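Below: one structure, written as structure tokens.
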Amino acid sequence: MENCVFCKIIKGELPSTKLYEDKDFIIIKDINPSAKVHLLAIPKNHVPYIDMMTSEGTTLLGNILLKISKMQEELGITEGYRLVINQGENGGQTVNHIHIHILGGEKLKDM
Ligand code: AMP
Ligand code: ZN
């Protein structure tokens, strides 16, 4: 999608620090980390909002969660982690391309 920062990263038109990539999604470092480890898991397919997701999308999200749990060592989150999806304006979503925040690497504050 034109003008989407995550689509540009996926296409290699913008730089990123990539920790994982397969045909369906990438995991990159967040440019403005809010924890010692702050990563973003981003599906390659441009879907703006979680509430626009199809059942295919939910399968992919499940696969992403499984992959994260299997990559804890490489991602630096073996002592625990928090997954966050912001939806829409009230949820604080700023990039309208579905992504999962992966936070960890330290004891996170209570929500
Ligand atoms: P959200 O507020 O849930 O939409 O999260 C968007 C996240 O994307 C924020 O944590 C930003 O710091 C992050 N972000 C924005 N631009 C980039 C970029 N070029 N590379 C990596 N992370 C980015
Ligand atoms: Zn996009």
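Counting starts at 1 for both ligands and their atoms, following the listed order. Note that the structure is a prediction, hence the values are computed from the model and not measured.
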What heavy-atom pair brings [X] and [Y] nearest, and what distance separates the two atoms?
| X | Y | value |
| --- | --- | --- |
| Tyr20 | Asp22 | OH-OD2, 2.9 Å |
| Ile102 | Ala41 | CD1-CB, 4.2 Å |
| Ile77 | Gly104 | CG2-CA, 4.1 Å |
| Gln93 | His97 | NE2-N, 3.9 Å |

Exceeds 12 heavy-atom contacts within 6.0 angstrom, atom CD of Glu13: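 For Glu13, atom CD is crowded (more than 12 foreign heavy atoms under 6.0 Å).
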Connected via hydrophobic side-chain network under 4.5 Å: Leu39 and Leu65: yes
Atoms of the protein (N/O/S only) found under 2.8 Å from the Zn ion (ligand 2): Cys4 SG, Cys7 SG, His46 ND1, His97 ND1
Distance, nearest 0.5 Å, that separates NE2 of His99 from CD1 of Ile28: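 The CD1 atom of Ile28 is 9.5 Å from NE2 of His99, to the nearest 0.5 Å.
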Write 'none' if nothing qualifies; otherwise put on separate lines each N/O atom of ligand 1 with a protein N/O atom under 3.5 Å away and their distance to 0.1 Å.
{"from": "ligand 1", "atom 1": "2 (O)", "to": "Gly92", "atom 2": "O", "distance (Å)": "3.0"}
{"from": "ligand 1", "atom 1": "2 (O)", "to": "Thr94", "atom 2": "N", "distance (Å)": "3.3"}
{"from": "ligand 1", "atom 1": "2 (O)", "to": "Thr94", "atom 2": "OG1", "distance (Å)": "2.9"}
{"from": "ligand 1", "atom 1": "3 (O)", "to": "Asn86", "atom 2": "ND2", "distance (Å)": "2.8"}
{"from": "ligand 1", "atom 1": "3 (O)", "to": "His99", "atom 2": "NE2", "distance (Å)": "2.9"}
{"from": "ligand 1", "atom 1": "3 (O)", "to": "His101", "atom 2": "NE2", "distance (Å)": "2.8"}
{"from": "ligand 1", "atom 1": "4 (O)", "to": "Thr94", "atom 2": "N", "distance (Å)": "2.7"}
{"from": "ligand 1", "atom 1": "4 (O)", "to": "Thr94", "atom 2": "OG1", "distance (Å)": "3.2"}
{"from": "ligand 1", "atom 1": "4 (O)", "to": "Val95", "atom 2": "N", "distance (Å)": "2.9"}
{"from": "ligand 1", "atom 1": "4 (O)", "to": "His99", "atom 2": "NE2", "distance (Å)": "3.1"}
{"from": "ligand 1", "atom 1": "5 (O)", "to": "His99", "atom 2": "NE2", "distance (Å)": "3.0"}
{"from": "ligand 1", "atom 1": "5 (O)", "to": "His101", "atom 2": "NE2", "distance (Å)": "3.2"}
{"from": "ligand 1", "atom 1": "10 (O)", "to": "Asp30", "atom 2": "OD1", "distance (Å)": "3.3"}
{"from": "ligand 1", "atom 1": "10 (O)", "to": "Asp30", "atom 2": "OD2", "distance (Å)": "2.5"}
{"from": "ligand 1", "atom 1": "12 (O)", "to": "Asp30", "atom 2": "OD1", "distance (Å)": "2.6"}
{"from": "ligand 1", "atom 1": "22 (N)", "to": "Ile31", "atom 2": "N", "distance (Å)": "3.2"}

Under-4.0 Å salt bridge between Glu79 and Lys107: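 Salt bridge between Glu79 and Lys107, a charged N being under 4.0 Å from a carboxylate O: no.
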Side chain Lys8, main chain Pro15, donor-acceptor under 3.5 Å: no
